[in-house]
Amino acid sequence: MDPACLEDIQRQPPDRRAHRPSGPDPKWRFHWKVGERPAETRFAKLNAAPVIPGAFPEWADVMDAWGGQMLAALEVVAEMAEVGFGLEKGTFREKMRLAPHLLAPTGSDLEKYHEVGT
């Protein structure tokens, strides 16, 4: 465990103190790329093939649908912010284009990790 993190937790008021971890986080995290990627990049490892959980054959379709809808909503918010800030249309959306957007669902095995604090 990170000693600085543990010290920060200890300094927090008892009534609002974060959970002190006792080991590695048991959650599963899956990162799914959302949106277009650049054809050429200096960061090829960021464009590695995703891990698809074997128990979820519909995973790719669901992640693409959710991710696409979320990104579309964020593009609308970006456009509204452009208008609100008096910026040229596309100022923020262009910065979002080909960016490394990720959808990152987290899972837990509640049959194995069902005790408080796990």
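Rounding to the nearest 0.5 angstrom, the gap separating the NE2 atom in His114 from the OG atom in Ser108 is 13.0 Å. Note that CH2 of Trp32 and CG of Asp64 are 5.5 Å apart. Values are rounded to the nearest 0.5 Å. Here Met63 contributes atom CE and Lys33 contributes atom NZ; the two are 14.5 Å apart, rounded to the nearest 0.5 Å.
Hydrophobic clustering (ILVMFWY, side-chain heavy atoms < 4.5 Å, transitive): Trp28 and Trp66 are in one cluster. Side-chain heavy atoms closer than 4.5 Å link hydrophobic residues (I, L, V, M, F, W, Y) into clusters, and following such links, possibly through other members, connects Phe56 to Ile52.
When all heavy atoms of Leu6 and Pro21 are compared, the pair lying nearest together is CD2-CD, 4.3 Å. The heavy-atom pair separating Phe30 from Val51 by the smallest distance is CD2-O, 4.0 Å.
A heavy-atom distance below 4.5 Å is not found between the side chains of Met70 and Val34.
Looking at residues two or more places apart in sequence or on another chain, you find a side-chain contact (heavy atoms from CB on, under 4.5 Å) between Asp25 and Lys27, Arg29. With sequence neighbours excluded, the residues that form a side-chain contact (heavy atoms from CB on, under 4.5 Å) with Arg97 are Glu94.
Screening residues 72-89 for side chain to side chain donor-acceptor pair (under 3.5 Å) gives Glu75-Arg93, Glu79-Arg93 as the qualifying pairs, with residues at least two apart or on separate chains. Screening residues 54-63 for side chain to side chain donor-acceptor pair (under 3.5 Å), with sequence neighbours left out, gives no hits.
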Residues 35-43 side chain polar contacts: donor-acceptor under 3.5 Å, at least two apart:
residue: Arg37; atom: NE; partner: Asn47; partner atom: OD1; Å: 3.2
residue: Arg37; atom: NH1; partner: Ala99; partner atom: O; Å: 3.0
residue: Arg37; atom: NH2; partner: His101; partner atom: O; Å: 3.2
residue: Thr41; atom: OG1; partner: Phe43; partner atom: N; Å: 2.9

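Using a 4.5 Å cut-off between side-chain heavy atoms of Ile, Leu, Val, Met, Phe, Trp and Tyr, Val77 falls into a hydrophobic cluster with Val76, Met80.
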